[in-house]
Amino acid sequence: MKELSKSYNPKEHEDRIYDMWESTNSFSPDSLESDKKFSISMPPPNVTGTLHLGHAAMLAIEDLMIRYRRMQGDKTLWVPGTDHAAIATQAKVEKILLEEGTNRHKLGREKFLKRINDFAQESHDTIVNQLKKMGSSCDWSREAFTLDETRTKAVRSVFKLMYDDGLIIRGDRVVNWCPKCHSTLSDDEVEYKAQRAPFYTFKYDKDFPIAVSSTRPETKLGDTAVAVNPKDSRYKELIGKEYNVDFCGQKLKLKIIGDRHVDMDFGTGALGVTPAHSMVDWKMAEENNLDVVKLINEDGNVHEGFGEFSGMTAKEARKRVVEILKEKELIEKEEEIDNNLSICYRCDTPIEPLPSLQWFIDVNKKLDKFKGKTIKEVANQVVREGFLGDKSKKINIYPERFEKNYFNWMENLGDWCISRQILYGHQVPVWYKEDEIYVGLEGPKEKGWTQDTDTLDTWFSSGLWTFSTLAQKPEDIKIENGRVVVDTDDFRNFHPTSVMETGYDILFFWVARMIIMTTYAIEDIPFHDIYLHGLVLDEKGKKMSKSKGNVIDPLVMKEKYGADATRLSLVIGSAPGADMKLSEEKVAGFRNFSNKLWNISRFILSSYEKSGDGTFVAETEADKWILSKTEKLVLEVTEDLDKYNFSKAGEKLREFSWDVLADWYLEIAKFEKSDNKANILYYVLEKILKLWHPYIPFVTEVIWGEMDSDKSLINESWPDEKSDKHETSNQFDLIIETVKAIRNARSVNKVEPAKKIKAIIYAGKNTELLKSQEVLIKSLRTGIDSVEIKESGEEIKNEIFTSVGNLKIYLIGAIDMEKEKERISKEIINLEKQISIISGKLSNKNFVERAPEELVKKEKERLKGFESELKAFKKQLEN
RNA sequence: GGACGCAUAGCUCAGUUGGCUAGAGCACUUCGUUUACACCGAAGGGGUCCAAGGUUCGAGUCCUUGUGCGUCCACCA
């Protein structure tokens with residue numbers, strides 16, 4: 001017999017339990033031997049901040065999968081790690097410096113980098129500690145960082161391989177430039193903000209034949225052409241002509257060109273071409289050999305050489321240009337239009353497209369090693385049918401609908417700009433000496449070589465995550481026969497990883513890039529399945545943000561309600577890929593459940609003792625019933641978990657634990673106490689603790705520790721429904737129906753508690769069954785004092801009457817005639833409604849002929865049942 | 001402009017290939033402290049399944065159209 005506290009207090013146990021798991025190496029796959037392997041690479045949290053609900057959801061789901069597979073006996077590995085998050089981390093440190101009244105230039109390169117590294121280290125320690133708080137059973141001995149030595153080796157190896165294959169190229173192109181971050185951004189890092197903007201239609205000068213329209217007239221200072229649609233009759237004849245114009249005091253040379261992409265109906269149908277500051281215009285300039293005039297510099301200001309405009313910000317220049325145009329009366333129209341402002345996804349600063357010498361990954365280069373396919377095509381095919389058509393190497397996305405998004409993105413993918421002008425990150429592994437260039441894993445030994453000062457887009461290194469994390473040291477990563485090889489047992493055991501579980505918001509940023517980079521570098525898929533979870537929103541469905549003040553901190557939830565409740569609230573009640581709304585009440589609800597489970601266990605452990613070797617037989621109907629329910633539960637939960645139906649399985653577990661076990665079987669057990677019963681209770685408890693463990697590892701492990709077990713629950717094996725067969729039966733369902741009917745009738749009649757009530761049940765062919773359960777029927781909070789069960793008898797007038805199928809139940813001793821009449825009338829109305837529906841169905845020839853036979857039979861039986869009930873109720877009402 | 005998703009009880013959502021009286025949690029009403037649990041127990045109320053058509057013996061479920069909301073991608077200068 002055990003003494004347990006009245007309610008479960010997570011704080012008393014969680015840290016202790018986690019330490020126990022860790023100190024017993026329970027997270028390591030090394031001692032597990034199995035042909036079945038299971039592995040997940042944890043999406044590495046950024047070392048910029050603290051754990052948020054998105055992380056918590058990720059951890060809850062991944063830990064659930066990992067613990068489930070581990071208990072299934074698979075050799076299971078979950079590799080944890082963190083991401084250096086280049087721009088984000090540097091920006092954060094710069095902000096801190098600003099608050100301290102200094103900046104990176106004052107500090108100098110070395111000191112600045114040290115500051116970032118120190119910050120990253122501190123941030124890392126915080127977040128790792130928080131990952132542990134949520135109960136994550138990942139193998140910390142294999143922890144990785146996107147910027148550590150081993151991952152650096154992977155990055156440089158892949159870079160070199162790509163460079164040698166001609167996939168990485170250096171080019172002067174128009175890129176997305178953030179004047180605040182002072183760096184390039186990839187196309188995916190550009191966000192759009194809808195706005196209303198003034199839209200000016202004007203002529204460059206009064207002699208120029210065509211008016212153009214723009215929301216950014218200041219950029220027209222950099223125009224070298226005007227493009228019109230070659231089919232446009234208004235301008236057709238002007239194509240090919242050149243003009244010298246005086247635009248706001250600046251001399252421009254403009255050529256009229258024809259381009260079929262120009263929309264004749266938009267604005268004036270003519271477009272001022274600004275090659276240096278627009279992607280589209282850049283392409284037109286290339287095709288038409290136009291001059292490129294650089295107008296805006298990297299600070300977002302106008303370059304020297306533009307007279308009064310030089311040094312102005314773009315905004316100032318715009319204002320001035322409009323002023324001048326107005327003075328000269330060149331503006332034909334000024335209107336407000338809807339348009340999209342490009343902004344930096346990190347700092348919301350408007351993007352300035354400008355030409356710059358950068359490194360790119362050419363996604364459209366046909367590769368010999370892929371039989372002429374491009375890396376983009378390979379990445380596409382791997383989700384459609386498998387790696388180079390190999391069906392065993394196909395990646396499945398759950399939920400499936402995201403596959404369409406993936407294909408759409410992949411097909412529209414342009415070259416990926418990978419160089420960034422920030423200090424924190426993987427420095428581009430390219431060295432220069434005068435005109436020479438060297439690309440390699442290490443720089444040349446001789447003097448005079450200097451390394452490229454740019455760093456790589458953070459997604460370059462995280463794109464290698466699944467395989468780079470399976471290397472333990474830099475030497476494990478090699479280039480052999482034109483591919484990257486990871487020479488470790490971990491790689492051989494665990495790659496491709498089983499599942500990539502992450503939020504759908506980084507499907508493109510990260511998941512798609514992992515597929516591209518991995519299929520290219522190691523010529524295999526990074527993972528078999530992709531499971532995408534949704535975003536965690538506040539209870540109103542809005543994104544959580546500090547400025548809105550609607551942030552729910554998972555660690556605060558953990559403190560208040562426990563890690564288990566927090567995890568459950570993120571797993572149950574949300575569909576894969578769907579956003580989930582979370583409120584504190586929901587977490588509190590699951591705290592209530594963990595306490596319920598605690599008390600279920602407390603009752604069993606303190607009132608019953610396991611006897612002998614724990615074997616038992618199904619003695620009573622209730623025993624057979626609970627064993628049947630348990631067997632079904634194990635089967636269904638296992639099946640659901642295999643299909644990633646975490647929410648559904650969790651709901652089934654909750655229903656079983658609370659509604660079946662606690663509300664019925666435990667109540668029954670109070671009246672049927674025996675050694676055999678005790679053993680059944682222990683048996684069922686063990687099953688549900690195991691089934692619950694992946695969801696709520698702490699409370700289940702604590703309870704498990706109170707049972708006589710030689711292993712901790714984390715190391716136990718998953719219930720195997722096939723190995724233990726017991727006699728099962730669902731006959732007890734009828735008893736439950738009966739008890740409920742009695743309770744209902746009694747409750748509605750509000751019988752005074754003092755009155756003695758006798759129940760008389762005419763049970764027909766169920767007489768024997770009912771008789772065997774007489775004691776229970778009386779005891780299970782039915783409020784009756786005695787019960788008499790007969791096969792049949794006369795109806796009893798002026799007493800409470802109810803029925804269950806063919807069972808007729810009379811409660812003798814007290815009746816409120818008004819209430820009873822009301823209740824019976826209601827029953828009759830309901831029954832009549834049902835009968836008319838079913839008889840309508842059955843009189844329909846088509847239904848009888850075409851519907852499955854079973855269904856028709858079932859409906860006939862139902863009709864018979866309802867009719868006999870109706871008859872009984874009607875008679876009772878007459879009396 | 002292209003695509004996707006959602007619309008079911010007051011709220012948050014389940015509802016698998018069409019087939020029991022459309023379910024759960026929270027909230028609500030009434031009753032109840034019977035030695036696991038008030039973070040509890042019992043009983044109950046509450047839904048024209050967004051609208052209109054269509055397919056079918058049968059539609060919350062499939063098809064078409066529409067409305068409202070949300071998301072992603074592209075982007076017009």
Side-chain angles (χ1 to χ4, degrees), chain A residues 4 6-8 188 192 199 212-216 219-220 226-227 261-263 265-268 270-274 278-281 337-340 342 399 401-402 404-405 407-409 411-412 504-505 507-508 534-535 539 541 561 565 572-575 577-583 585-586 588-607 643 645 647-648 651 654-655 659 662-663 666-667 670 740 743-748 750 753 779 781-783 830-831 833-834 837-838 841 844-852 854-856 858-859 861-862 866:
Chain A
L4 296 173
K6 203 169 168 182
S7 58
Y8 174 64
D188 300 289
Y192 298 93
F199 186 58
V212 295
S213 305
S214 178
T215 52
R216 293 195 60 184
T219 62
K220 302 296 106 185
V226 169
H261 297 292
V262 177
D263 181 352
D265 300 325
F266 188 85
T268 59
L271 142 75
V273 183
T274 323
S278 155
M279 303 266 184
V280 183
D281 296 8
I337 61 156
D338 292 317
N339 90 336
N340 280 322
S342 316
R401 65 187 145 87
F402 283 99
K404 279 184 193 158
N405 280 0
F407 295 136
N408 183 275
W409 181 85
E411 276 148 24
N412 290 320
Y504 68 77
D505 52 327
L507 177 62
F508 305 137
L535 307 178
E539 51 196 315
Y561 305 108
I572 294 185
S574 63
D579 294 343
M580 46 188 135
K581 293 176 195 171
L582 189 78
S583 58
E585 291 78 59
K586 192 173 172 190
F590 285 109
R591 182 271 319 266
N592 294 357
F593 174 75
S594 51
N595 187 54
K596 185 77 187 179
L597 186 64
W598 173 261
N599 270 293
I600 289 170
S601 311
R602 178 162 87 107
F603 176 65
I604 295 173
L605 296 179
S606 59
S607 307
K643 289 190 200 153
N645 288 330
S647 176
K648 201 191 244 179
E651 277 169 33
R654 177 173 56 183
E655 202 218 319
D659 303 341
D663 289 348
L666 286 191
E667 294 302 319
K670 287 175 185 172
K740 280 188 166 177
R743 283 176 183 171
N744 176 359
R746 226 196 83 104
S747 163
V748 170
K750 285 189 188 146
S779 317
R781 296 181 192 182
T782 40
N830 187 29
L831 282 166
K833 202 173 109 196
Q834 293 315 316
I837 291 172
I838 301 174
K841 249 185 183 177
N844 183 336
K845 262 187 209 161
N846 284 321
F847 173 76
V848 179
E849 281 165 19
R850 297 196 198 178
E854 267 176 62
L855 189 69
V856 178
K858 228 175 178 178
E859 293 286 50
E861 271 165 30
R862 276 180 61 214
F866 285 145

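As the structure is a computational prediction, the values presented were derived from the model and not from experiment. So that the names make sense, note that chain A is the first sequence line, chain B the second, and so on, each numbered from 1.
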Open item on the list: Checking D188(A) now: which residues fulfil side-chain hydrogen bond (donor to acceptor under 3.5 Å, both in side chains) with it, not counting sequence neighbours?
Closed with: W409(A), R513(A)
Open item on the list: K6(A): which residues meet the side-chain contact (heavy atoms from CB on, under 4.5 Å) condition with it, sequence neighbours left out?
Closed with: R602(A)
Contact list (N/O, under 3.5 angstrom) for nucleotides 10-13 of chain B vs protein:
| residue | atom | partner | partner atom | Å |
| --- | --- | --- | --- | --- |
| C13(B) | OP2 | K581(A) | NZ | 2.9 |

Short heteroatom pairs, N/O only, protein and nucleotides 17-20 of chain B, under 3.5 Å:
| residue | atom | partner | partner atom | Å |
| --- | --- | --- | --- | --- |
| C20(B) | O3' | R862(A) | NH1 | 2.7 |
| C20(B) | O3' | R862(A) | NH2 | 3.0 |

- [ ] Check side-chain hydrogen bond (donor to acceptor under 3.5 Å, both in side chains) between K841(A) and all other residues, then give those that pass, not counting sequence neighbours.
- [x] E859(A)
- [ ] Give the B/S/- string for nucleotides 36-43 of chain B, one per nucleotide from 5' to 3', where a protein heavy atom under 4.0 Å of the base yields B, of only the sugar-phosphate yields S, and otherwise -.
- [x] BBSBSSSS
- [ ] Output all residues satisfying side-chain contact (heavy atoms from CB on, under 4.5 Å) with S7(A), sequence neighbours left out; order by chain, then residue number.
- [x] N595(A)
Open item on the list: Using the side-chain hydrogen bond (donor to acceptor under 3.5 Å, both in side chains) criterion, which residues pair with Y561(A)? Sequence neighbours excluded.
Closed with: E584(A)
Open item on the list: Identify the stems formed by RNA chain B, where each pair is Watson-Crick or G-U wobble with both distances under 3.5 angstrom and a stem is at least 3 consecutive pairs.
Closed with: B:1-7 with B:67-73, B:10-13 with B:23-26, B:28-32 with B:40-44, B:50-54 with B:62-66
Open item on the list: Under the rule for ring-ring contact (aromatic ring centres under 6.0 Å, His included), what residues qualify as partners of F402(A), not counting sequence neighbours?
Closed with: Y504(A)
Open item on the list: I'd like to check the side-chain hydrogen bond (donor to acceptor under 3.5 Å, both in side chains) partners of E667(A); sequence neighbours left out, ordered by chain and number.
Closed with: K670(A), R781(A)
Open item on the list: Just to verify, what does Q834(A) make a side-chain contact (heavy atoms from CB on, under 4.5 Å) with, not counting sequence neighbours?
Closed with: N830(A), I837(A), R862(A), F866(A)
